[in-house]
Amino acid sequence: MSNAPTPETASHGADDTPPFRYTAALAQDIELRWQAFWDDDGTFETPNPAGPLADAEALAGRGDKLFVLDMFPYPSSSGLHVGHPLGYIGTDIYCRFQRMQGRNVLYSMGFDAFGLPAEQYAVRTGQHPAITTAEAVTNYRRQLHRLGLSHDKRRSIETTDPDYYKWTQWIFRTIFEAWYDDAAGKARHIDELIAEFDAGDRALPDGRAWSTLSDPEKEQVLAEYRLAYVSNAPVNWCPGLGTVVANEEVTADGRSDRGNFPVFKRNMRQWMMRITAYGDRLVDDLDLLDWTDAIKTMQRNWIGRSEGATVHFPSAAGPITVFTTRPDTLFGATFMVLAPEHPLVDELTTAEQAAAVAAYREEAAAKKEIDRTDDTKAKTGVATGGTATNPVTGEEIPVWIADYVLMGYGTGAIMAVPCGDQRDFDFARTYGLDIPAIQQPPAEWFTGHDIAPTDGADTSTWPIAYVGDAPYINSSNGDGLDLNGTSDVASGVATTNAWLEANGHGEATINFKLRDWLFSRQRYWGEPFPVVYDEHDVAHVVPESMLPVELPETDSFSPRTFDPDDADSDPESPLDRLTDWVDVTLDLGDGPKTYRRDTNVMPQWAGSCWYEMRYLDPTNDERFVDAAVEEYWMGPQTDERPDHPGGVDLYVGGVEHAVLHLLYARFWHKVLYDLGHVSSKEPYARLFNQGYILADAFKDEREIYVDASEVERRDDGYFHDGKPVTLEVGKMGKSKLNSVSPDEMYENYGADTLRLYEMAMGPLDQSRPWETRDVVGMYRFLQRLWRNAVDEDTGALAVSDDAPSDETSRVLHRTIDAVATEMDNLRFNTAIAKLIELNNHVTKIDAPPRAVVEAMTLMLAPLAPHIAEELWSKLGHEGSLSHEPFPVADPALLVDDTIELPVQVNGKVRGRVVVAADAPNDVIEAAALAEENVARTLDGAAPKKVIVVPGRMVNVVA
RNA sequence: GCCCGGAUGGCGGAAUUGGCAGACGCGGCGGACUCAAAAUCCGCUGGCCGCGAGGUCGUGUGGGUUCAAGUCCCACUCCGGGCACCA
């Protein structure tokens with residue numbers, strides 16, 4: 001370990017500022033020196049148990065492992081604003097604190113550098129995305145480094161680096177070569193499936209004999225099983241962007257979320273990922289995760305698992321199939337509603353209704369999805385004139401069409417149970433359809449709605465549908481199905497499902513809202529697929545030895561865009577034009593042959609689906625991560641919890657990734673787990689969502705943002721250039737002209753002040769508004785703390801070797817106790833407040849005792865590491881304090897001999913008494929009643945009751 | 001429409017299982033230093049009444065439980081986020 005750096009000279013602030021005052025200039029001097037020291041010293045390099053970064057000796061000196069991860073940034077050309085590093089500062093403090101607790105902490109940072117924004121920026125400026133991305137990454141690295149984050153820089157990655165995306169492609173290859181074995185409940189290698197087909201142990205779904213199939217036919221069959229497959233699925237074609245966008249990238253009104261261009265549905269050959277195979281496990285394993293209930297709920301809702309039944313209603317046009325979560329209510333199904341686009345509508349429609357149906361379908365087709373699904377509008381529909389047979393009652397029920405039923409969801413048809421569903425009830429009342437009761441509502445329900453109780457099927461007086469548990473009535477068909485009298489929905493569902501299955505009318509079904517993941521993009525700036533097609537158009541993944549498939553150089557990286565309204569245009573990827581690259585001769589095991597490369601690239605999510613694992617073993621060129629290294633850092637902590645799934649110990653990031661990123665990463669991780677490549681079942685054991693930094697933004701009368709830094713506050717409002725402007729609070733961002741750069745803060749206050757300010761603003765998980773003028777508070781705190789230890793005129797240490805007073809010791813140890821607890825729980829705002837209190841106490845001491853200053857310096861170190869290192873060095877210590885033990889509170893100093901208790905009379909504080917900490921209740925009571933103001937308030941009246949809460953307070957009930 | 005959060009001084013926020021509301025910071029006021037200002041330092045700072053001792057009101061609104069409610073329960077208002085007729 002090298003020696004601590006020495007300051008060159010005293011810094012100089014304003015004319016008569018003492019030369020060794022903690023000014024912004026001195027802070028900068030200190031910060032740059034210590035950042036250089038940490039780099040040279042390798043202070044934050046973390047040893048691995050195996051592989052290139054293994055260091056057995058260093059590892060032996062460390063305690064338990066801790067893997068802390070930030071959601072890595074997408075480097076934009078405009079650089080960081082002070083909102084970006086909020087979470088990074090939090091994780092850095094936590095890591096520094098845990099290092100001082102002896103943990104072996106892995107903490108690094110990478111860059112998610114592929115993606116459409118870089119490509120679009122490059123298109124706008126005419127520069128290659130590789131160049132603009134590299135510049136943005138360099139700027140981000142500088143800004144983050146200047147913040148003093150304790151990253152292990154050897155472990156940093158960029159998703160655009162071929163050495164990184166080689167393994168992204170390898171994982172794609174692995175997923176392509178896998179299938180989901182429902183019986184085993186896990187993914188297996190595709191060769192095992194082929195072996196089963198070859199041996200005749202598994203039949204083809206369509207009954208053909210495997211041995212009679214040609215190779216391309218076999219490949220077609222296998223594509224039905226593979227976890228990555230090409231599908232001729234409907235996609236969202238956006239001619240204005242020249243690319244296909246995912247469902248989740250389309251806004252509610254059917255436009256692209258980037259650029260706001262129209263989006264059209266069209267069919268296209270696309271790579272898909274079979275994430276739906278993991279629907280159950282993605283839901284069930286949420287129970288193993290230390291995430292907030294809010295995020296878990298969002299994932300559950302997105303996956304949308306609902307258990308119910310598929311039911312077939314016979315009709316003249318063939319069976320109409322619906323999915324229902326409430327098959328137990330089939331006896332109340334008195335009509336059906338189909339989407340206007342449903343393929344059976346034509347056949348069901350009678351001659352009399354043909355004109356009305358045609359008109360309605362035309363009307364529905366012209367509506368946007370948002371209008372069709374607008375809940376505030378009245379439901380419309382028309383009868384087809386056709387009927388279907390309710391399979392449990394045998395009754396003919398009318399079939400309607402209505403635009404609120406969407407072809408894209410479920411089967412595009414529903415059964416309507418008007419007595420138990422408000423939407424169906426409204427529809428039935430509007431169009432005069434039958435509403436027989438199938439449950440007997442309780443008496444209170446009738447009185448609650450001011451109507452006379454009815455029984456039997458009559459619902460004519462009901463104002464609304466009855467939704468709730470109640471005994472079934474009219475729910476028996478004399479053919480083996482009888483629910484009458486039962487009031488338990490679960491058993492009603494189970495009984496009905498069994499009957500449907502036994503009689504061939506349907507079966508129990510689990511339905512997911514989750515769809516397979518559209519995994520290809522017609523763009524340039526992404527990972528190329530490691531896929532080639534042969535003369536039969538069969539996809540082959542290239543062997544591992546041919547990875548990475550590098551993104552070819554080109555100057556024409558823009559997607560070809562079209563008239564945004566031209567729905568009939570054909571997508572063309574930038575890679576399509578590079579024929580030298582597309583047409584390739586390879587030997588895939590049966591001699592050199594000509595192939596055509598896949599010209600799609602992967603979506604931005606790909607690189608972020610596994611990046612945490614590359615931090616573990618960034619230079620490994622044999623494997624994406626060494627197995628022993630993965631197990632050390634991410635293996636299940638079964639000693640902590642028997643069902644611990646493994647994964648990152650703490651993952652911090654914004655709630656905007658609650659669904660997509662987290663779900664995709666979990667899916668990839670589970671595939672890798674099933675195939676034995678990782679020991680952890682889940683990538684992120686604990687998730688913490690940080691808040692956002694908000695900032696005032698101002699709009700002028702044209703509704704255009706004005707530069708927030710130029711706005712003047714007056715008593716009568718806000719003004720820009722003398723004109724009134726309106727205030728709008730929101731996320732900080734370049735487009736709102738309210739960004740504050742960290743560079744500005746480094747220059748005016750220093751990184752330590754910025755770190756403290758961001759943490760002191762409020763709890764880490766809460767959004768809070770930025771106020772530049774408040775930053776000075778933390779700057780003053782550091783100045784006072786510095787002055788307590790250092791003579792501002794000479795720069796010499798100004799501590800005494802005296803033992804601290806009893807009072808000071810108690811304050812110190814109470815602070816140690818509180819700060820350690822608060823830091824361990826990520827409550828840095830209150831940890832800072834406790835340190836300020838201690839420092840304010842120390843300020844009152846002439847020459848503060850060394851023991852107090854040393855402990856205070858160590859406690860400050862995670863929060864404001866540079867000034868702490870400098871003080872530690874001035875206190876005569878060699879090297880960095882980063883691995884010094886965090887101070888430990890002496891329990892004896894946490895308890896006082898005497899305590900002051902508030903005394904209430906009827907709940908209002910009337911006085912205070914000082915008693916021995918271990919005083920018995922009757923002594924406390926006597927003291928309380930004797931207190932002057934208490935006695936006066938009681939005015940001689942005898943108290944009815946006295947409540948003594950030991951150590952807390954006394955309440956006298958008069 | 002449904003679901004999930006949230007609402008505390010002029011501002012950001014603090015407050016174990018219900019137990020002294022307003023820690024800490026900003027701002028404001030007063031003072032020290034200075035020719036003066038800035039910076040820095042010290043003190044005060046929820047509203048109202050009172051010379052004071054003290055009293056009184058007070059955690060979005062209205063009820064309730066309790067010796068005691070920011071905290072628990074019921075109803076409501078507003079703000080933020082998520083979902084979108086999910087069958």
Side-chain angles (χ1 to χ4, degrees), chain A residues 13-18 21 23 252 292-295 297-298 301-302 304 306 308 322-326 329 337 369-370 372-377 379 402-406 409-417 421-424 426-427 511-513 655-656 658-659 694 729-730 756-757 760-763 765-778 780-781 783-784 787 792 821 827 829-837 839-840 843-844 900-912 932-933 936-937 943-958:
Chain A
D15 307 357
D16 51 356
T17 304
R21 172 163 291 174
T23 59
T292 61
D293 288 339
I295 299 281
T297 303
M298 286 163 81
N301 289 344
W302 188 268
S306 47
V322 304
F323 173 78
T324 175
T325 54
R326 292 294 302 275
T329 64
V337 185
E369 188 161 306
I370 185 71
R372 288 180 56 166
T373 59
D374 185 344
D375 197 35
T376 60
K377 294 193 177 134
K379 308 289 181 278
D403 61 12
Y404 70 84
V405 176
L406 301 173
Y409 189 81
T411 62
I414 63 167
M415 65 179 212
V417 183
D421 181 290
Q422 189 58 39
R423 182 166 37 81
D424 295 343
D426 292 340
F427 196 88
N511 194 40
F512 288 96
K513 186 182 156 192
V655 71
E656 74 268 28
V659 178
L694 310 174
V729 178
L756 281 176
Y757 172 65
M761 287 165 89
D765 58 357
Q766 201 169 301
S767 293
R768 64 305 280 285
W770 178 268
E771 281 291 351
T772 297
R773 66 176 182 175
D774 288 359
V775 176
V776 72
M778 291 302 118
R780 288 178 191 150
F781 162 52
Q783 270 184 348
R784 283 200 298 275
R787 189 160 41 234
E792 287 191 327
T821 305
R827 292 193 293 256
N829 53 329
T830 46
I832 291 168
K834 300 288 180 195
L835 279 173
I836 292 173
E837 283 183 271
N839 188 54
N840 288 347
T843 302
K844 298 185 176 82
E900 187 187 67
L901 295 180
V903 182
Q904 299 178 343
V905 178
N906 291 333
K908 285 183 180 159
V909 178
R910 297 297 177 181
R912 284 158 216 288
E932 195 187 345
N933 203 43
R936 183 170 58 226
T937 308
K944 285 190 190 129
K945 193 173 173 188
V946 178
I947 293 150
V948 177
V949 184
R952 301 296 309 182
M953 45 79 71
V954 181
N955 191 14
V956 180
V957 185

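Everything numeric here is computed off the predicted structure, so don't read it as measured data.
- Nearest heavy-atom pair, A:N906 versus A:V957, reported as atom, atom and distance to 0.1 Å: OD1-CA, 3.6 Å.
- Within 90° of 0 lies the glycosidic angle of B:rG9, which makes this nucleotide syn.
- Within 4.0 Å of A:T821, counting heavy atoms only, lies no atom of the nucleic acid at all.
- B:rU66 and B:rC74 have their C1' atoms separated by 16 Å, given to the nearest Å.
- The partner of B:rG54 is B:rC49, by the rule that a Watson-Crick or G-U pair needs both atom distances under 3.5 Å.
- Contact record, A:N955 with A:G907: OD1-N, 3.1 Å, taken as the closest heavy-atom pair.
- To the nearest whole angstrom, the two C1' atoms, one in B:rG63 and one in B:rG55, are 28 Å apart.
- For A:Q783, counting side-chain heavy atoms from C-beta on, the closest listed nucleotide (B:rC24, B:rU40, B:rG82) is B:rU40.
- If you take CE of A:M953 and C1' of B:rA21, they are 13 Å apart, rounded to a whole angstrom.
- Residue A:G777 is the one, among A:G777 and A:T937, whose nearest nucleotide of RNA chain B lies closer to the 5' end (criterion: closest heavy atom).
- In the set B:rC67, B:rU16, B:rG54, B:rC67 carries the atom at the smallest distance from any side-chain atom of A:N955.
- B:rA75 and B:rA68 have their P atoms separated by 24 Å, with the value rounded to a whole Å.
- Under the Watson-Crick or G-U wobble criterion, with both distances below 3.5 Å, B:rC85 is left unpaired in every strand shown.
- Here the side chain of A:R780 is nearest to one of B:rU40, B:rG19, B:rG13, namely B:rU40.
- OP1 or OP2 of B:rG54 has not a single side-chain nitrogen or oxygen of A:R910 nearer than 4.0 Å.
- With B:rG27, B:rC24, B:rC20 as the candidates, the nucleotide lying closest to the side chain of A:V776 is B:rG27.
- Using a 4.0 Å heavy-atom criterion, one finds that A:N840 contacts the sugar-phosphate atoms exclusively.
- Taking atom CE on A:M298 and atom P on B:rC4, their separation rounds to 13 Å, with Å as the unit.
- Between A:V775 and A:Y757, the shortest heavy-atom distance links the atoms CG2-CD2, 3.6 Å.
- Nearest nucleotide to the side chain of A:N933, out of B:rG25, B:rA21, B:rG54: B:rG54.
- A:V957 comes within 4.0 angstrom of the backbone, heavy atoms only, and of no base.
- Across all strands, A:T297 comes closer than 4.0 Å to no nucleic acid atom at all (heavy-atom distances).
- Counting only heavy atoms from C-beta outward, the side chains of A:I832 and A:M778 approach each other to under 4.5 Å.
- Counting non-hydrogen atoms under 4.0 angstrom, A:N829 reaches the backbone sugars and phosphates but no base.
- Annotation: B:rG54 and B:rG60 have their C1' atoms spaced 31 Å apart (nearest Å).
- Computed from coordinates, the A:K945 NZ to B:rG19 C1' distance equals 14 Å when rounded to whole Å.
- Distance A:W770 CH2 to B:rG13 C1': 16 Å, rounded to the nearest Å.
- Relative to the side chain of A:R773, the nucleotides B:rG12, B:rC24, B:rG27 differ in distance, and B:rG27 lies closest.
- When rounded to the nearest whole Å, the span between CD1 of A:I295 and P of B:rG5 equals 13 Å.
- Two residues, A:M778 and A:I414, neighbour RNA chain B, and the one matched to the more 5' nucleotide by heavy-atom proximity is A:M778.
- Shortest non-hydrogen contact noted between A:V948 and A:V954 is CG2-CG1, 4.3 Å.
- A gap of 26 Å separates the P atoms of B:rC24 and B:rA38, to the nearest Å.
- An OP1 or OP2 oxygen of B:rA15 is reached within less than 4.0 angstrom by no side-chain nitrogen or oxygen of A:R952.
- For A:D774, taking side-chain heavy atoms from C-beta onward, the closest of the listed nucleotides B:rC24, B:rC26, B:rC42 is B:rC26.
- A:N301 comes within 4.0 angstrom of no nucleic acid atom, judged by non-hydrogen atoms across all strands.
- When rounded to the nearest whole Å, the span between CZ of A:R827 and C1' of B:rA15 equals 12 Å.
- Distance check on atom C1': B:rG9 versus B:rG25 gives 14 Å, rounded to whole Å.
- Going from atom CD of A:E792 over to atom C1' of B:rA39 covers 11 Å, rounded to whole Å.
- For the C1' atoms, the distance from B:rC20 to B:rC67 is 16 Å, rounded to whole Å.
- Taking only side-chain nitrogens and oxygens, A:K908 comes nearer than 4.0 Å to OP1 or OP2 of B:rC57.
- Within the 4.0 angstrom heavy-atom criterion, only backbone atoms of the sugar-phosphate kind lie near A:M761; the bases stay farther away.
- Under 4.0 angstrom from either OP1 or OP2 of B:rG13 there lies at least one side-chain N or O belonging to A:Q766.
- When each of B:rC26, B:rG25, B:rA21 is scored by its nearest atom to the side-chain atoms of A:V909, the top-ranked nucleotide is B:rA21.
- Across every non-hydrogen atom of A:N840 and A:R784, the tightest pair is OD1-NE, 3.4 Å.
- Side chain of A:S306, nearest nucleotide from B:rA23, B:rG19, B:rA87: B:rA87.
- Using a 4.0 Å heavy-atom criterion, one finds that A:I947 contacts the bases of the nucleic acid, with or without backbone contacts as well.
- Searching all strands for a Watson-Crick or G-U wobble partner of B:rG25 with both distances below 3.5 Å returns B:rC11.
- For B:rU17 and B:rG12, the P atoms lie 25 Å apart once the distance is rounded to whole Å.
- Rounding to the nearest 0.5 angstrom, the gap separating the CE atom in A:M761 from the CG atom in A:L694 is 8.0 Å.
- To the nearest angstrom, P of B:rG10 lies 16 Å from CD of A:E771.
- The nucleotide whose nearest atom lies closest to any side-chain atom of A:R787 is, among B:rA87, B:rG25, B:rU40, B:rU40.
- Between atom CD of residue A:Q783 and atom CD of residue A:E792 there is a gap of 7.0 Å, rounded to the nearest 0.5 Å.
- A:I414 CD1 to A:D424 CG: the interatomic distance, rounded to the nearest 0.5 Å, is 5.0 Å.
- For B:rG25, neither phosphate oxygen OP1 nor OP2 lies less than 4.0 angstrom from any side-chain nitrogen or oxygen of A:R768.
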